[in-house]
Amino acid sequence: PDHGTGLPDHAAALPVHAAPTLTQVESQVTILQDGRYQVRYRLTFVDDASRRSINTIGPFDRGHSQVEAILEHEGGESPVRLVPLGDDKYRAEFEIDTRPGGTYTLQVRYLVERYLDTTVIDGVPHRVVAWAPPQWSLPIEQQVVTLILPIELPAGLTQPEQVTQEIVDQTALFVEQAVVQSFDRWVYYPTPDEATGRNWLSIYVSRDSLAANEAMVVRGIYLPARYFSSTSTPEPSPFAPPSQVTPAV
């Protein structure tokens with residue numbers, strides 16, 4: 001049965017006259033033990049013109065806060081001013097002028113105060129995970145979503161190939177196989193917390209060659225409620241680049 005996603009109707013737009021190339025969109029979603037989300041959203045594009053802003057980006061998740069943004073470019077990085085437009089959308093104003101042919105990455109971080117939906121599977125309470133990044137009115141060459149779950153792995157598991165299906169099954173995580181098969185890649189891997197040395201079960205999901213306005217929704221993931229408490233999971237280190245995340249064989 002469809003337990004609902006609570007997802008916003010995502011949409012985003014650039015000026016009509018502009019046609020930059022969206023090479024990769026990465027979303028790292030850390031699900032904390034208290035039910036909140038920490039999101040790091042990265043939009044990488046090759047510009048076709050010189051610009052000082054993105055007219056509209058979002059909407060981001062309802063109830064989000066602590067929004068901050070930077071622009072990564074060949075000269076380093078610079079702050080980005082996010083101007084609220086209403087409906088959880090923003091205008092991103094840069095401190096530099098982009099140049100035609102230049103590669104840039106807009107990174108936005110925010111926190112979401114939202115509890116996950118609940119359901120029961122075989123008499124056991126579960127939390128329902130469903131998340132979607134904003135859609136764009138331009139094609140995207142590759143879109144990646146990584147979910148860092150509040151499920152601790154054994155300390156010795158440090159490489160993606162060590163996180164076998166057997167290990168995943170032992171956590172009692174339930175995933176709908178039809179959802180897994182709908183993506184180009186679906187990989188389980190460990191995310192280390194450098195401060196404590198603990199490892200968190202994570203999921204790397206990607207899809208290539210998205211059409212303009214095409215949605216990418218990661219859903220069908222159910223976490224046993226026992227993994228959630230009033231204690232926050234420490235913020236993990238950034239996820240590994242896609243080149244370091246390989247499917248377990």
Can you tell if the side chain of Thr56 reaches within under 4.5 Å of the side chain of Arg91, non-hydrogen atoms only?
no
Closer than 3.5 angstrom, by distance alone: can the side chain of Thr21 be matched with the main-chain N or O of Thr23 as a donor-acceptor pair?
no
Give, for atom CZ of Phe228 and atom CG of Asp34, the distance between the pair rounded to the nearest 0.5 Å.
9.5 Å
For His64, what residues pass the ring-ring contact (aromatic ring centres under 6.0 Å, His included) criterion, not counting sequence neighbours?
Tyr90, Tyr110
Taking the six-membered ring of Tyr41 as reference, does the cationic atom of Arg109 (NZ for Lys, CZ for Arg) lie under 6.0 Å from its centre and within 45° of its axis?
no
Does the side chain to side chain contact (heavy atoms under 4.5 Å, CB included) test come out yes or no for Phe45 and Thr105, once each step is laid out?
CA-CA 6 Å; Phe45 61 97; Thr105 298; over 6 Å; no
In short, salt bridge (Lys or Arg N to Asp or Glu O under 4.0 Å) pairs touching residues 70-87 with sequence neighbours left out are Arg42-Glu72, Glu74-Arg99, Arg81-Glu93
Check for a donor-acceptor pair, side chain of Asp61 on one end and backbone N or O of Val112 on the other, with a separation under 3.5 Å.
no
Aromatic plane relationship, Trp186 with Phe183 - under 30° parallel, 30 to 60° tilted, over 60° perpendicular:
tilted
Between Pro224 and His126 the two heavy atoms that sit nearest each other are N-CD2, 3.5 Å
Can you find a pair of side-chain heavy atoms, one from Val25 and one from Val144, that are under 4.5 Å apart?
no
For the hydrophobic clusters of this structure (ILVMFWY residues joined by side-chain heavy atoms under 4.5 Å, transitively), does one cluster hold both Val46 and Phe94?
no
I'd like to know if Val29 and Val180 are part of one continuous hydrophobic network [Ile/Leu/Val/Met/Phe/Trp/Tyr, side-chain heavy atoms within less than 4.5 Å].
yes
What one should report as the nearest heavy-atom pair of Pro134 and Pro59 is CG-O, 3.9 Å
Is Val128 reachable from Ile121 through a run of I, L, V, M, F, W or Y residues, each pair having side-chain heavy atoms under 4.5 Å apart?
yes
Ser78 to Glu95 - nearest heavy-atom pair and separation:
CB-OE1, 4.4 Å
Test Trp136 against Leu22 for side chain to side chain contact (heavy atoms under 4.5 Å, CB included), laying out the working first.
CA-CA 9 Å; Trp136 286 90; Leu22 307 187; 3.8 Å; yes
With a 3.5 Å distance limit and no angle check, can you tell me whether Gln170 reaches the backbone of Ile167 through a side-chain donor-acceptor pair?
no
Taking C-beta and beyond as the side chain, do Val163 and Val187 meet within less than 4.5 Å on heavy atoms?
no
Going by heavy atoms in the side chains, are Thr119 and Tyr222 under 4.5 Å from each other?
yes
Side-chain touch Val39/Trp131, heavy atoms, less than 4.5 angstrom
yes
Distance, nearest 0.5 Å, that separates OG1 of Thr146 from OH of Tyr204:
9.0 Å
Quick check: do Tyr37 and Thr30 have side-chain heavy atoms less than 4.5 Å from each other?
no
Which atom of Pro20 lies closest to which atom of Leu138, heavy atoms considered
O-CD1, 3.6 Å
What's the shortest heavy-atom distance between Val108 and Leu82, and which atoms?
CG1-CD1, 4.2 Å
Whether over 12 other heavy atoms sit under 6.0 Å from Asp169 CG
yes
Do Leu149 and Leu173 have side-chain heavy atoms sitting under 4.5 Å apart?
yes
So how far is it from Gln143 CD to Ser209 OG, rounded to the nearest 0.5 Å?
12.0 Å
When rounded to the nearest 0.5 angstrom, what distance separates OG1 in Thr103 from CG in Asp47?
9.5 Å
Could you tell me the separation between the OG atom of Ser202 and the CD1 atom of Ile31, rounded to the nearest 0.5 Å?
10.0 Å
Is there a path from Ile70 to Ile96 through hydrophobic residues (I, L, V, M, F, W, Y) whose side chains come within less than 4.5 Å of each other?
no
Please test Val205 against Met216 for side chain to side chain contact (heavy atoms under 4.5 Å, CB included), starting from the C-alpha separation and ending with a verdict.
CA-CA 10 Å; Val205 179; Met216 178 172 166; 3.9 Å; yes
Judged by atom type as modelled, is there a donor-acceptor pair below 3.5 Å linking the side chain of Arg207 to the main-chain atoms of Ser182?
yes
Inter- and intrachain pairs under salt bridge (Lys or Arg N to Asp or Glu O under 4.0 Å), touching residues 141-157, at least two apart:
Glu152-Arg198
How long is the span from the CD atom in Gln28 to the CD atom in Gln38, to the nearest 0.5 Å?
9.0 Å
State, to 0.1 Å, how close Ala172 and Arg226 come at their nearest heavy-atom pair, and which atoms those are.
CB-NH2, 3.8 Å
Thr158 backbone acceptor or donor facing Gln162 side chain under 3.5 Å
yes
Does some side-chain heavy atom of Tyr188 sit less than 4.5 Å from a side-chain heavy atom of Thr164?
no
Asn199 side chain to Leu157 backbone, donor-acceptor under 3.5 Å
yes
